[in-house]
Amino acid sequence: PHLGSLIKKFMFHRILDSNPQTKVISLLGKIDSQDAIVTLEKTHFTYDTNVFRAENGRNTPVLHNCEAEFSCLKSIEELKEVASNDIYYWGMSLLRQDMGQNPTAKINLIWPATAVHIRKYDSQRLHVIRETPDIYSSIVEPYIVEMCSQQRLQWVRNILHHGAESDRVVYRDFVESNAKDGFLILPDMKWDGVNLDALYLVAIVFREDIRSLRDLRPEHKPWLVSMLNKIRSVVPGCYNFTIQPDELRIFIHYQPSYYHFHIHIVNVKHPGIGAGASAGKAVLLEDVIEQLNFLGQAGFRNKTITYILGENHDLWGRGLKDVVERELDSSGIPKSPTVVNDFH
Ligand code: M7G
């Protein structure tokens, strides 16, 4: 079925989350009586691609040209002033939209959505977790094993082995004789594929033995270094050099949503959707490589990793909640009083 026909059948149930800053809203509903999650994101403004002008023998990028039909102010169709005061004016406008060059919103659908998906998109309280090697072995690893054995990684296998999204792959590094070092790069489902300010690619490796950061050991260093350098060499060329090698934020997530090793490649200008690029979730690939120099033979298995986790995550209920309570207690951090605001 196509996205369009599925969206038409969507029966709204409730709003999962809404964020005025990222202009993203996630809705829960049903399509053919199965759970569906629709995420809508307002697109960013478009402008012409960068122009390079030779000045003093150097090529100077002139950013954000606003000359094309849909660029910046050019696309204003209606404008209504709300108010003005002294030198300040503000109003609302209607911009001309165009499916190819100026679409209004990006729509993602997950259908049929599992309970894990719904909990992930639902608004939730967040907590800082200090995951020691012991906690990893006793609570987290068994969970990861379960998450790998499921249908959940089907989309990854489809990309690697069954030609899914193959017309979108921008780089493929794969030789049969050395399959385990192979990887490919393609646009992430988070990106509209149009606006380079929001450039978001994902590199997926062919090998299946690395489920997360925790499985990385010193022996993987040369492989990681070579992937990092290939990413920085290849990606700018794929986008006409409007983005430079040092303008890519390259990182991995802990905890990731999918336990098959993959690397996020994002325009440094893009703050990331949700908390995807923030401390407590993203670890720069350069830092991963560097840390492998110091962690010993067991690599990241040896490390206490601190990260942010939502209460809806399965791991919270499977023991991390108790871990947090125990840790705060043993560090002597006082419990908050039960009544915080008593207005009686
Ligand atoms: P993650 O760190 O496991 O999870 O990254 P999270 O960032 O979603 O929390 C997985 C990445 O793969 C995310 O950036 C997803 O947007 C992206 N992704 C997920 N799926 C199911 C697909 C897909 O089917 N195609 C593509 N191109 N990207 C996907």
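When a ligand or atom number is given, it counts from 1 through the structure's own listing order. Because the structure is a prediction, the values reported are computed rather than measured.
- Side-chain atoms of Asn195 and Asp192 include no donor-acceptor pair closer than 3.5 Å.
- Side-chain atoms of Asp173 and Tyr171 form a donor-acceptor pair, as typed in the model, at a separation below 3.5 Å.
- Residue contacts with ligand 1: Trp155 is placed with no nitrogen or oxygen under 3.5 Å of a nitrogen or oxygen of the ligand (distance criterion only).
- The N/O atoms of Leu186, backbone and side chain alike, include none that comes under 3.5 Å of an N/O atom in ligand 1.
- Per-residue contacts place Tyr258 under 4.0 angstrom from the following atoms of ligand 1 (heavy atoms of the residue considered): 3 (O), 10 (C).
- Between the side chains of Lys106 and Thr43, no donor-acceptor pair of N or O atoms lies under 3.5 Å.
- Looking at Glu165, His253, His117, His262, it is His262 that brings a heavy atom closest to atom 5 (O) of ligand 1.
- The pair Asp246-Arg232 does not count as a salt bridge, with every side-chain nitrogen at least 4.0 angstrom from each carboxylate oxygen.
- Contact annotation: Arg168 has no heavy atom less than 4.0 Å from any atom of ligand 1.
- Proximity of Pro187 to ligand 1 is established by a heavy-atom distance of less than 4.0 Å.
- Nearest protein heavy-atom contact of atom 7 (O) of ligand 1 is Lys190 NZ, 2.7 Å.
- Against a heavy-atom cut-off of under 4.0 Å, Pro256 is close to the following atoms of ligand 1: 2 (O), 3 (O).
- The protein atom (non-hydrogen) at minimum distance from atom 17 (C) of ligand 1 is Asp188 OD2, 3.2 Å.
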Worked verdict on Tyr239 versus Trp191 for ring-ring contact (aromatic ring centres under 6.0 Å, His included): CA-CA 14 Å; Tyr239 298 95; Trp191 185 39; 5.8 Å; yes

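- No side-chain donor-acceptor contact under 3.5 Å links Asn108 and Lys190.
- With respect to atom 6 (P) of ligand 1, the closest heavy atom belonging to the protein is Ser257 OG, 3.4 Å.
- There is no side-chain donor-acceptor pair under 3.5 Å between Tyr200 and His270.
- In this structure, the protein non-hydrogen atom closest to atom 8 (O) of ligand 1 is Lys120 NZ, 2.9 Å.
- Both the backbone and the side chain of Met189 come within 4.0 Å of ligand 1, counting heavy atoms alone.
- Asn158 and Gln154 form a side-chain donor-acceptor contact under 3.5 Å, judged by distance and modelled atom types alone.
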